[in-house]
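Structure, as structure tokens:
Note: hydrogens, waters and symmetry copies are ignored here, and every other heavy atom, side chains too, is used. Order of appearance sets the numbers: ligands from 1, and atoms from 1 within every ligand.
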Amino acid sequence: MSQYWSNFVSDLDPYTPGEQPAINNLTKLNTNENPYPPSPAVMEAMRAAVNADLRLYPPPNADQLKQTVADYFRLTPTQVFVGNGSDEVLAHVFNGLFRQAQPILFPDISYSFYPVYCGLYAIEFEKVPLADDFSLDLDDYRRANGGIIFPNPNAPTGRLVGLAAIEELLKANRDSVVVVDEAYIDFAESGASAVSLIDQYDNLLVVQTLSKSRALAGLRIGYALGSAQLIEGLERIKNSFNSYPLGHVQLAAAVASFNDQEYFERMRQQVINSRDVLVEQLETLGFDVLPSAANFVFARHADHDGQLLTAALREKNIIIRHFNKPRIDQFLRISVGTAEQNQQLIEALTAIVNT
Ligand SMILES: *Cc1c(COP(=O)(O)O)cnc(C)c1O
């Protein structure tokens, strides 16, 4: 608290990200980063972008990146918005599309940044409870609303909602914006993305990021895909806030990432394979693991407390994420690491669970 703060700032309840420890002898499985490095082509493109042109402002409309993303998804550049991480894109979504007369809807167990943005932009919201098995039933969202947002796969549960259910919701909810936050969609089966519905539903916005499947969390690049009218609304907010959210180096990296499909596909498949092995090993240790379509798993043990397990892993230099929140305080959220990191985790858990 400070006497200099406005009441507005004093009342904010900011997001707390997962820890980024300075010591590096830790096995870091707490923030769903990719365990593999970015594509060598991305590194090369970034090095090439470090030149005298850095004295110039970057292109304010990121035209080349928008064209690249549009081609990748078979859309037009007018259907693409880019920003400084999908967190920034989401902030503009809340500010520009969700400040409506009715409350917006999102799951009770979901990305904890959503209520933070509601606080920042004075948006009323209602949390819609997940089912007992932590599945998301979109029929529960058929009521008056100022907008709907949910991650798919959901975070931190990892569970996926099918495309047919999303389409039903879009049909039943023509008058407000439905945002599907697809931060982890590349780890789901192909064809799971709602991008294929964009041309039919003007009220659908899909948000994705280069932070997880493209191993570029450190660069901060995210984007939204949707009808030209939704994108124009976001551009109006962005151009009233910061004309240049992405610099030359970020833009070059992002374009190079989309152009190296082979590397992307290979790394994605490695993470998916490691996840499936990890799930089996956790189940063998007595964990109940929710079905995951993401690069993390959400698991609880019948005989061991979630918070105590998290602390015991920390003692062994392994960090995972634990949420001290109703309904999920027995769960561990574990990011899928390299085969070696996953093995360390399993060995540590075996020792903890068996003593
Ligand atoms: C990681 C994550 C984001 C944020 O991604 P950035 O692009 O790194 O800002 C958004 N939504 C969900 C559900 C996430 O897990």
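- Remark: Asp303 pairs with His301 by the side-chain contact (heavy atoms from CB on, under 4.5 Å) rule, at least two apart or across chains.
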Check: every ligand 1 N/O to protein N/O pair under 3.5 Å:
{"from": "ligand 1", "atom 1": "5 (O)", "to": "Ser86", "atom 2": "OG", "distance (Å)": "3.0"}
{"from": "ligand 1", "atom 1": "7 (O)", "to": "Ser86", "atom 2": "N", "distance (Å)": "2.6"}
{"from": "ligand 1", "atom 1": "7 (O)", "to": "Ser86", "atom 2": "OG", "distance (Å)": "2.9"}
{"from": "ligand 1", "atom 1": "7 (O)", "to": "Thr209", "atom 2": "OG1", "distance (Å)": "2.6"}
{"from": "ligand 1", "atom 1": "7 (O)", "to": "Ser211", "atom 2": "OG", "distance (Å)": "3.3"}
{"from": "ligand 1", "atom 1": "8 (O)", "to": "Ser211", "atom 2": "OG", "distance (Å)": "2.6"}
{"from": "ligand 1", "atom 1": "8 (O)", "to": "Arg220", "atom 2": "NH1", "distance (Å)": "2.8"}
{"from": "ligand 1", "atom 1": "8 (O)", "to": "Arg220", "atom 2": "NH2", "distance (Å)": "3.4"}
{"from": "ligand 1", "atom 1": "9 (O)", "to": "Ser86", "atom 2": "N", "distance (Å)": "3.2"}
{"from": "ligand 1", "atom 1": "9 (O)", "to": "Asp87", "atom 2": "N", "distance (Å)": "2.9"}
{"from": "ligand 1", "atom 1": "9 (O)", "to": "Asp87", "atom 2": "OD2", "distance (Å)": "3.2"}
{"from": "ligand 1", "atom 1": "9 (O)", "to": "Arg220", "atom 2": "NH2", "distance (Å)": "2.7"}
{"from": "ligand 1", "atom 1": "11 (N)", "to": "Asp181", "atom 2": "OD1", "distance (Å)": "3.3"}
{"from": "ligand 1", "atom 1": "11 (N)", "to": "Asp181", "atom 2": "OD2", "distance (Å)": "2.8"}
{"from": "ligand 1", "atom 1": "15 (O)", "to": "Tyr184", "atom 2": "OH", "distance (Å)": "2.6"}
{"from": "ligand 1", "atom 1": "15 (O)", "to": "Lys212", "atom 2": "NZ", "distance (Å)": "3.1"}

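- For Asn152, the side-chain contact (heavy atoms from CB on, under 4.5 Å) partners two or more places apart in sequence, or in a different chain, are Phe150, Leu160, Val161, Ile166, Val180.
- Between Phe187 and Pro153, every side-chain heavy-atom pair lies at or beyond the 4.5 Å cut-off.
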Donor-acceptor contacts under 3.5 Å from residues 226-247 side chains, at least two apart:
{"from": "Ser227", "atom 1": "OG", "to": "Asp202", "atom 2": "O", "distance (Å)": "2.8"}
{"from": "Gln229", "atom 1": "NE2", "to": "Asp202", "atom 2": "OD2", "distance (Å)": "3.2"}
{"from": "Glu235", "atom 1": "OE2", "to": "Lys66", "atom 2": "NZ", "distance (Å)": "2.5"}
{"from": "Lys238", "atom 1": "NZ", "to": "Pro60", "atom 2": "O", "distance (Å)": "2.7"}
{"from": "Lys238", "atom 1": "NZ", "to": "Ser243", "atom 2": "O", "distance (Å)": "3.1"}
{"from": "Asn239", "atom 1": "ND2", "to": "Glu235", "atom 2": "O", "distance (Å)": "3.2"}
{"from": "Ser240", "atom 1": "OG", "to": "Arg236", "atom 2": "O", "distance (Å)": "2.6"}
{"from": "Asn242", "atom 1": "OD1", "to": "Tyr244", "atom 2": "N", "distance (Å)": "3.0"}

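- Between Asp108 and Arg327, at least one side-chain nitrogen of the basic residue sits less than 4.0 Å from a carboxylate oxygen of the acidic one, meeting the salt-bridge criterion.
- Side-chain contact check for Asp305 and Gln330: at least one donor-acceptor pair (N or O, by modelled atom type) lies under 3.5 Å.
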